[in-house]
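Note sheet for the following structure.
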Amino acid sequence: MSGKPRLTYLNGRGRMESIRWLLAAAGVEFEEVYLETKEQYDKLIKDGFLLFQQVPLVEIDGMKMVQTRAIMSYIAGKYNLHGKDLKERALIDMYVEGISDLMQMILMFPFSPPDAKEKNLESIKERATNRYFPVFEKVLKQHGQDFLVGNKFSWADVQLMEAILAVEEKVPAVLSGFPQLQVFKTKMSNVPTIKKFLQPGSPRKPPPDAHYVDTVLKVFKK
């Protein structure tokens with residue numbers, strides 16, 4: 001065992017991508033195991049690796065962790081990305097929860113039936129521009145700092161950056177009315193660990209394609 005965290009999921013974004021983002025932002029190298037068949041998934045359950053019979057699975061510090069939120073909270077705490085006190089932690093958690101709601105829509109989008117794709121894309125655009133991005137625009141403006149909480153890079157900043165780029169893939173001009181978020185995106189893109197993660201050849205996964213959707217349906221079929 002190399003001591004690096006070991007991530008078990010499919011070879012695609014899904015629920016693991018936010019974990020990859022957070023580890024990369026913390027400057028932590030990790031190994032990945034990709035599920036390609038239902039048999040691999042069933043074996044993990046049979047061997048007792050998946051507490052709730054779900055992936056992502058992250059093996060870190062001698063633990064086999066499941067549940068995305070718990071995994072990310074542990075990583076954020078371990079690498080000092082979870083605020084300096086309880087109040088900062090509460091703000092970070094609150095922002096992360098909000099971003100997660102938007103990310104859930106993006107996560108489910110590739111699985112939309114063809115006749116619902118346009119409607120679902122419109123929903124993502126509407127929620128991003130009217131509900132979620134205005135909140136973070138206002139926070140950055142009122143706070144007057146480079147980052148969302150305190151003036152230190154946190155889990156919330158990483159999540160927001162991931163969400164901005166994911167929405168921009170579908171709605172390229174989504175930040176046109178959000179000058180603070182445009183500045184934030186530029187600053188985050190230049191954080192050395194993030195910059196590295198955004199380069200070709202990094203562990204960052206491409207947008208989901210038909211092959212990824214087929215693999216998900218095959219591995220998790222009932």
Side-chain angles (χ1 to χ4, degrees), residues 1-82 92-93 96-97 99-113 120 155-156 158-159 161-163 165-166 169 193-194 196-198 200-222:
M1 189 79 185
S2 67
K4 291 179 184 175
R6 182 180 166 100
L7 282 48
T8 301
Y9 199 69
L10 292 92
N11 187 7
R13 288 184 183 175
R15 298 190 185 281
M16 186 65 91
E17 189 70 354
S18 291
I19 297 167
R20 295 183 188 108
W21 264 91
L22 194 56
L23 284 167
V28 180
E29 291 186 0
F30 51 85
E31 297 173 348
E32 297 203 64
V33 176
Y34 298 128
L35 298 177
E36 293 171 353
T37 65
K38 188 173 192 308
E39 289 70 30
Q40 288 173 299
Y41 175 57
D42 289 343
K43 186 175 188 311
L44 284 176
I45 294 172
K46 183 167 173 270
D47 292 348
F49 274 41
L50 305 179
L51 199 59
F52 301 105
Q53 300 184 19
Q54 293 170 314
V55 287
L57 167 68
V58 174
E59 296 170 75
I60 184 170
D61 296 341
M63 297 186 290
K64 290 180 175 62
M65 293 195 73
V66 293
Q67 298 296 328
T68 310
R69 172 68 198 234
I71 293 164
M72 294 185 71
S73 185
Y74 180 78
I75 293 165
K78 179 178 171 76
Y79 295 104
N80 201 22
L81 296 171
H82 213 165
I92 289 166
D93 285 347
V96 162
E97 288 290 341
I99 299 161
S100 297
D101 291 343
L102 176 59
M103 288 302 292
Q104 178 64 18
M105 296 174 73
I106 293 165
L107 199 68
M108 296 314 295
F109 179 76
F111 301 93
S112 309
N120 291 349
W155 175 16
V158 179
Q159 285 270 272
M161 182 64 175
E162 181 192 2
L165 296 183
E169 285 173 353
T193 52
I194 299 279
K196 185 179 177 187
F197 190 60
L198 294 176
S202 84
R204 186 181 179 216
K205 304 303 177 202
D209 58 11
H211 174 71
Y212 173 72
V213 170
D214 289 346
T215 306
V216 169
L217 297 175
K218 181 175 73 175
V219 171
F220 298 131
K221 71 183 174 192
K222 298 295 183 193

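Scope of the values below: all heavy atoms of this structure, side chains included, with no hydrogens, waters or symmetry mates.
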(request) For T215 and E36, test the side chains for any donor-to-acceptor distance below 3.5 angstrom and give the result as yes or no. (result)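 Their side chains do not contain a donor-acceptor pair, so the 3.5 Å distance test is not met.
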(message) Considering only residues two or more places apart or on different chains, which pairs with a residue in residues 7-26 satisfy salt bridge (charged side-chain N to carboxylate O under 4.0 Å, His left out)?
(response) R13-E169, E17-R20, R20-E32
(request) Only pairs at least two apart or in different chains count here, so list each salt bridge (charged side-chain N to carboxylate O under 4.0 Å, His left out) that has a residue in residues 63-77. (result)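 As it turns out, the salt bridge (charged side-chain N to carboxylate O under 4.0 Å, His left out) pairs with a partner in residues 63-77, which skip direct neighbours, are R69-D93, R69-E97.
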Using the side-chain hydrogen bond (donor to acceptor under 3.5 Å, both in side chains) criterion, which residues pair with [X]? Sequence neighbours excluded.
X	answer
S202	none
T37	Q40
N11	none

For [X], what residues pass the salt bridge (charged side-chain N to carboxylate O under 4.0 Å, His left out) criterion, not counting sequence neighbours?
X	result
K218	none
D209	none
D101	none
D214	none

(request) Please list, chain by chain and in numerical order, all residues satisfying side chain to side chain contact (heavy atoms under 4.5 Å, CB included) with S73, sequence neighbours excluded. (result) H82, R89, W155
(request) Output all residues satisfying side chain to side chain contact (heavy atoms under 4.5 Å, CB included) with V28, sequence neighbours left out; order by chain, then residue number. (result) P5, L23, A26, Y79
(request) Would you indicate whether the side-chain heavy atoms of L50 and V55 approach each other to under 4.5 Å? (result)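 A side-chain contact exists here, since the closest heavy-atom pair is under 4.5 Å.
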(request) Any pair with a residue in residues 8-41 that passes ring-ring contact (aromatic ring centres under 6.0 Å, His included), sequence neighbours left out, goes on the list, sorted by first then second residue, please. (result)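 Those involving residues 8-41 are W21-F197, Y41-F220.
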